[in-house]
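Contents: one structure, followed by commentary.
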Amino acid sequence: MKIIDVHTHGISGFDTRTSEGEHICRIAEIQGSHGVSEIIPTVYPAPVDTMRVHMQAIKTAMEEQRRRTGARPAPAHHTEAKIIGLHLEGPFLNPARCGALDAGAFLAPDERILKKLMEGFEDIIKIMTIAPELEGAAALIKNMSDAGIIASMGHSDATYNNAEAGFHAGARGITHIFNAMRGIHHREPGIAGFGLMNKDVYIEVIADPFHLHLKMIEFLFSVKNPEKILIVSDTVKASKMSTASHGVREEDSRLLGGSRTIRESAEQLIQGGLDKEIIFKAISDNPASYLKTPF
């Protein structure tokens, strides 16, 4: 079974805020040692030139993996996860739903900025998170989709209608559902409600014990088409560095990142009583299908 994590920023002292391809390779090695087959390193919002430096580090790591493996389909080191592209989490996000990200780096949707971000990386950008309610977001979502990039809606205060409009513009995913977004209200289902009710949109789920209550995860799997659920780690530099690395910032209790790899999260959910076949599809078949989503 090929296990795929489409949203990871880092792990065990390394993250994507680097100019060193070797640091990205170390993330791949550590993720691989936890049973993950493939990863999509995720870039934080920052000034565009800084984001491009971080994107180049991922591209360099991908080239290094290819150099070492030649024509073989997987890295030579059996515990190394294959880097299959990158995920841009921003910069076109809503400051009102920044979560632990730097809202000062968020930008209004702008085709020129998107073009600058993409230039030279068109073949490796797989996913881009965008807030669909922002003015100009629909046009950017269409441009991303036309370029073969999956638009995922997140860090967003979108209403149900905003999210539906984003979907009709071409968005195919929702980034870490319930986290850093408008939640469900009985008079306004919001972007989270859209994610649960739309049968075609994929939803990322951070399935550690801190981001979502187990009963909420059970609820998700009971109402959402299980083939459209993606368990992601959202791990960061501090993840796996200590038993307390669940990422809670003491001064305001905001979560800074996931605490577990997707293999560990899946096993914990199965121990909690969720269906083994359904859960393992959420870390294998489902992300593979997501990455082949037709636009």
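For the pair Lys237 and Phe14, the NZ or CZ position fails the cation-pi test of under 6.0 Å to the six-membered ring centre and within 45 degrees of the ring normal.
When atom types are taken as modelled, the side chain of Gln65 and the backbone of Ala81 share a donor-acceptor pair closer than 3.5 angstrom. Ser152 contributes a side-chain N or O that, together with a main-chain N or O of Thr175, makes up a donor-acceptor pair within less than 3.5 Å. In this structure, the side chain of Thr50 does not engage the main chain of Ala46 through any donor-acceptor pair within 3.5 Å. Under a 3.5 Å cut-off, the side chain of Ser239 and the backbone N or O of Gly258 do form a donor-acceptor pair. No side-chain donor-acceptor contact under 3.5 Å links Lys59 to the backbone of Ile124. A side-chain donor-acceptor contact under 3.5 Å links Glu133 to the backbone of Asp157. The backbone N or O of Ile3 sits less than 3.5 Å from a side-chain atom of Ser37, completing a donor-acceptor pair. Between the side chain of Arg52 and the backbone N or O of Gly120, no donor-acceptor pair lies under 3.5 Å. The backbone N or O of Ile262 lies less than 3.5 Å from no partner atom in the side chain of Ser265, so there is not a single donor-acceptor pair. Without hydrogens or angle criteria, Ser156 side chain to Met181 main chain gives no donor-acceptor distance under 3.5 Å.
Annotation for Ala131 and Ala137: closest pair O-CB, 3.4 Å, computed over non-hydrogen atoms. Across Phe178 and Met216, no two heavy atoms sit closer than the pair CE1-SD, 3.9 Å. In this structure, Ile184 and Gly193 approach most closely via the heavy-atom pair CG1-N, 3.5 Å. The two residues Thr235 and Arg260 have their closest heavy-atom pair at CG2-O, 3.6 Å. For the residue pair Ala147 and Met118, the shortest heavy atom distance occurs at CB-CE, 3.7 Å. Across all non-hydrogen atoms, the minimal contact from Ile141 to Ala151 is CG2-CB, 3.9 Å.
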Ile127 vs Leu88, side-chain contact (heavy atoms from CB on, under 4.5 Å): CA-CA, chis, key distance, verdict | CA-CA 6 Å; Ile127 305 165; Leu88 294 175; over 6 Å; no

message = Let's go through Thr42 and Thr16 carefully: what are the C-alpha distance in whole Å and the side-chain angles of both, what is the deciding distance for side-chain contact (heavy atoms from CB on, under 4.5 Å) to 0.1 Å, and is it a yes or a no?
response = CA-CA 7 Å; Thr42 303; Thr16 55; 5.8 Å; no

Report the C-alpha distance between Glu63 and Arg67 in whole Å, list the side-chain angles of each, state the deciding distance to 0.1 Å, and finish with yes or no for salt bridge (Lys or Arg N to Asp or Glu O under 4.0 Å).
CA-CA 6 Å; Glu63 291 168 349; Arg67 184 191 68 77; over 6 Å; no

**Study point:** Test log, rule side-chain contact (heavy atoms from CB on, under 4.5 Å), inputs Tyr202 and Ile150
**Key:** CA-CA 11 Å; Tyr202 286 84; Ile150 297 170; over 6 Å; no

* Asked: Can you list the steps and then say if Thr8 with Gln31 is a side-chain contact (heavy atoms from CB on, under 4.5 Å)?
  -> CA-CA 9 Å; Thr8 173; Gln31 285 276 11; 3.1 Å; yes

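Counting only heavy atoms from C-beta outward, the side chains of Ile206 and Ile177 never approach each other to under 4.5 Å. Using a 4.5 Å heavy-atom cutoff, the side chains of Pro91 and Phe106 are not in contact. Within the 4.5 Å cutoff, side-chain heavy atoms of Met197 are placed close to those of Tyr160. The shortest side-chain heavy-atom distance between Met1 and Ser284 falls under the 4.5 Å cut-off. In this structure, the side chains of Met55 and Ile125 come closer than 4.5 Å at one or more pairs of heavy atoms.
Counting only N and O atoms by type, the side chains of Ser33 and Thr79 include no donor and acceptor under 3.5 Å apart. Residues Ser233 and Asp5 bring a donor and an acceptor atom of their side chains to less than 3.5 Å of each other.
Atoms CG and CD1, from Leu86 and Ile58 in turn, are 5.0 Å apart once rounded to the nearest 0.5 Å. Interatomic distance, CD1 of Ile191 versus CD1 of Ile203, reported as 11.0 Å (0.5 Å rounding). Within the model, atoms CG of Leu269 and CG of Asp208 stand 9.5 Å from one another, a figure rounded to the nearest 0.5 Å. Between atom CG of residue Asn198 and atom CG of residue Asn225 there is a gap of 10.0 Å, rounded to the nearest 0.5 Å. Here CE of Met62 is found 11.0 Å from SG of Cys25. Values are rounded to the nearest 0.5 Å. Here the straight-line distance linking atom CG of Leu93 with atom CG of Asp102 works out to 11.0 Å at 0.5 Å rounding.
Pairs of residues two or more places apart, or lying in two chains, that qualify as ring pair (Phe, Tyr, Trp, His ring centres under 6.0 Å) and include a residue from residues 31-63 are His9-Tyr44. Residue pairs meeting the side-chain hydrogen bond (donor to acceptor under 3.5 Å, both in side chains) criterion with at least one member in residues 105-115, sequence neighbours excluded, are Asp110-Arg112. The stretch residues 162-171 participates, sequence neighbours left out, in these side-chain hydrogen bond (donor to acceptor under 3.5 Å, both in side chains) pairs: Thr159-Asn162.
When each of Leu107, Val53, Leu114 is paired with Val48, the side-chain contact (heavy atoms from CB on, under 4.5 Å) condition holds for Leu107 and for no other. For the salt bridge (Lys or Arg N to Asp or Glu O under 4.0 Å) criterion with Glu38, the lone passing option out of Lys82, Lys126, Lys2 is Lys2.
Following chains of ILVMFWY side-chain contacts shorter than 4.5 Å, one can reach Leu274 starting from Ile229, so the two form part of one hydrophobic cluster. When hydrophobic clusters are built by joining Ile, Leu, Val, Met, Phe, Trp and Tyr residues whose side-chain heavy atoms come closer than 4.5 Å, directly or via intermediates, Ile39 is grouped together with Phe280. Follow the hydrophobic side-chain contacts under 4.5 Å out from Leu140 and you reach Ile174 in the same cluster. Hydrophobic clustering places Ile24 together with Leu117 (ILVMFWY residues linked when any side-chain heavy atoms are closer than 4.5 Å, directly or through intermediates).
Look at Glu22 and Arg26 and you find no salt bridge, because none of the NZ, NE, NH1 or NH2 atoms lies under 4.0 Å from a carboxylate O. Salt-bridge formation is detected for the pair Lys116/Asp49: a Lys NZ or Arg NE/NH1/NH2 atom is positioned less than 4.0 Å from an Asp or Glu carboxylate oxygen.
Residues forming a side chain to side chain contact (heavy atoms under 4.5 Å, CB included) with Ile278 (at least two apart in sequence, or on another chain): Phe221, Pro226, Asp275. Applying the side chain to side chain contact (heavy atoms under 4.5 Å, CB included) criterion to Ala180, with sequence neighbours excluded, gives His155, His176. With sequence neighbours excluded, no residue forms a side chain to side chain contact (heavy atoms under 4.5 Å, CB included) with Lys199.
Within 6.0 Å of the NE2 atom in His185, the count of heavy atoms belonging to other residues, nucleotides or ligands exceeds 12. For CD of Glu227, the number of neighbouring non-hydrogen atoms (other residues, nucleotides, ligands) closer than 6.0 Å is 12 at most. Atom CD of Glu122 has more than 12 neighbouring heavy atoms from other residues, nucleotides or ligands inside a 6.0 Å radius. For Glu277, the CD atom sits in a loose shell: 12 or fewer heavy atoms of surrounding residues, nucleotides or ligands are nearer than 6.0 Å. No more than 12 heavy atoms of other residues, nucleotides or ligands shown are found within 6.0 angstrom of NZ on Lys281.
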